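Order of the sequence lines sets the chain letters (A, B, ...), proteins ahead of strands, with each chain counted from 1. All figures in this text were calculated on a predicted structure; none of them were measured in a lab.
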There are 2 protein chains.
Amino acid sequence: MLVTRGFGALTLRAVAAEMDASTGLLTHYFPNKRALLRTALEILAQRSEERPRRTAPTEGLAALRTALLDVLPLTPESAAANRIWVSSWDVALADPELAADHAGRYRRSRERLAVHVAAAQRRGELPTTTATEDLAAAAQGFALGLVVQALFAPAEFPAERQIKLLDDWLATWRSAAPGPANPPAADSG
Amino acid sequence: MLVTRGFGALTLRAVAAEMDASTGLLTHYFPNKRALLRTALEILAQRSEERPRRTAPTEGLAALRTALLDVLPLTPESAAANRIWVSSWDVALADPELAADHAGRYRRSRERLAVHVAAAQRRGELPTTTATEDLAAAAQGFALGLVVQALFAPAEFPAERQIKLLDDWLATWRSAAPGPANPPAADSG
DNA sequence: GTACCTGCCAAACGTTTGTTATGTACGACG
DNA sequence: CGTCGTACATAACAAACGTTTGGCAGGTAC
């Protein structure tokens, strides 16, 4: 329901109908709609964090790539989840508390990315001239923007292109790294 | 009103009150609310396109940088406009027609960026190993994601940091370009 | 003058919203 | 067995919603 109609259609009665219950049940557990909305977003975030991920046994740049791939709407299910998430930005920006929740979530996500960025820098896979946090922020920003683009123009941004865009982006950063890069045809001096 | 309360609060009565008119005026000019919403977004997009821009007499990579800077929420006014725009993604994703409108707008924006990307590639300021459209898409994605991050965490993403993130990103692409790069302290062989 | 059209307002329409109040089934506890 | 608190359903509430309607100005046409 959220996927197709957005958060504007999130009413107490719609939620109650979806779970074959009454509005009385909802009001029994939640003081008001804002509280319901808040825990709904909380559950959504929790579900996103706990969903099965590509647990590649990698580290550094490869791990960063894996983490970013987990975010992109490469499958219909991920697209649906991302769509709900993007839709939530409207209500979240209109409510300071919800906005703070979202800000915290994105900050923590950035910190998780920063771990991989730092490892990649240590391995010489990413430049150390740019701060770890800045690289992580850039990575998250790139992924977020790609999500939005892909949601509005799925035909122009199929899974392969999203992956290619990400890989090109990572390869460019890597080419600026101090470590021994190994491009397919390097002009070693 | 849209800035503070989001699109969920966009009612006929609210719009009418904002312009000191009656709901009858609105229904006189628009068949229904969707039509009102549609032209509202249209006007918003038009206003964004026609607003005064940094008309730097530049070309190539510098022009790309200027165009992206015009998108980022570097000023309170730009932040407000970007906030409305992000909020509109909820209603837009819930309505195929509005979604198509948005998709078209972003595609045209990408095409405008692609002009600068192509010029930069010709000048040797950007690598030609990645397609022009892909570079333009990456640039737009990066800017979009940075907008979202800055809206939710304005304290963590002040104007200077947004600019730095953008410049670092552009510098990395440029360093992968075939043309004669001129870094401040190059290790010329 | 009068008939007519357009632009707009004020009010009301029926529906849907979030919230509240009332009723009831049921296990726990004395 | 009673009574009491919990867990809901049902119904009602006022407010707000998008939309419809009737009517009043004021210009035009004849």
[X]: side-chain contact (heavy atoms from CB on, under 4.5 Å) partners, not counting sequence neighbours:
X	answer
Gln46(A)	Glu50(A)
Ala81(B)	none
Ala176(B)	Thr172(A), Ser175(A), Pro127(B)
Ala63(B)	Thr58(B), His116(B)

Contact nearer the 5' end of DNA chain C, comparing Pro31(A) with Ala9(A) |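 Checking each residue's closest nucleotide, the 5'-ward one belongs to Ala9(A).
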Quick one: [X] [atom1] to [N] [atom2], roughly how many Å, whole number?
X	N	atom1	atom2	answer
Lys33(A)	dT20(C)	NZ	P	15 Å
His28(A)	dA25(C)	NE2	C1'	13 Å
Leu37(B)	dT19(D)	CG	P	11 Å
Phe7(A)	dT17(C)	CZ	C1'	18 Å
Phe30(B)	dC17(D)	CZ	C1'	18 Å

Tell me the salt bridge (charged side-chain N to carboxylate O under 4.0 Å, His left out) pairs involving residues 28-39 of chain A, sequence neighbours left out?
->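 Counting only pairs at least two positions apart or across chains, the salt bridge (charged side-chain N to carboxylate O under 4.0 Å, His left out) contacts touching residues 28-39 of chain A are Arg34(A)-Asp95(A), Arg34(A)-Glu97(A), Arg38(A)-Glu97(A), Arg38(A)-Asp101(A).
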Would you please name every residue forming a side-chain hydrogen bond (donor to acceptor under 3.5 Å, both in side chains) with Asp70(B), sequence neighbours left out?
->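 Result, side-chain hydrogen bond (donor to acceptor under 3.5 Å, both in side chains) vs Asp70(B): Arg54(B).
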If you look only at pairs with a residue in residues 120-143 of chain B, which of them pass as a ring pair (Phe, Tyr, Trp, His ring centres under 6.0 Å), with sequence neighbours excluded?
->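 Listed once each, the pairs are Phe142(B)-Trp169(B).
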Donor-acceptor contacts under 3.5 Å from residues 2-9 of chain A side chains, at least two apart:
unit_1	atom_1	unit_2	atom_2	d
Thr4(A)	OG1	Met1(A)	O	3.3

Output the residues of residues 11-18 of chain A in contact with DNA chain C, where contact means a heavy atom of the residue under 4.0 Å from an atom of the strand; sort by number or write none.
->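 Within residues 11-18 of chain A, the residues near DNA chain C are Thr11(A), Leu12(A), Arg13(A).
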Validation row: Leu151(A), Trp89(B) side chains within 4.5 angstrom (heavy atoms) =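 No, side chains not in contact.
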Should Val117(B) and Val115(B) be regarded as members of a common hydrophobic cluster, given that ILVMFWY residues are connected when their side-chain heavy atoms come within less than 4.5 Å of each other, either directly or indirectly?
->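 Val117(B) does not cluster with Val115(B).
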Name every donor-acceptor pair, under 3.5 Å, that has one atom in a side chain of residues 11-25 of chain A and the other anywhere in the protein, sequence neighbours excluded.
unit_1	atom_1	unit_2	atom_2	d
Thr11(A)	OG1	Ala14(A)	N	3.0
Ser22(A)	OG	Gly24(A)	N	3.4
Ser22(A)	OG	Leu25(A)	N	3.4

Among residues 20-27 of chain B, which contact DNA chain D at a heavy-atom distance under 4.0 Å?
->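 Contacts with DNA chain D under 4.0 Å: Thr23(B), Thr27(B).
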Parsed dot-bracket for DNA chain D after applying the Watson-Crick and G-U rules with both distances under 3.5 Å and | for other-strand partners is ||||||||||||||||||||||||||||||
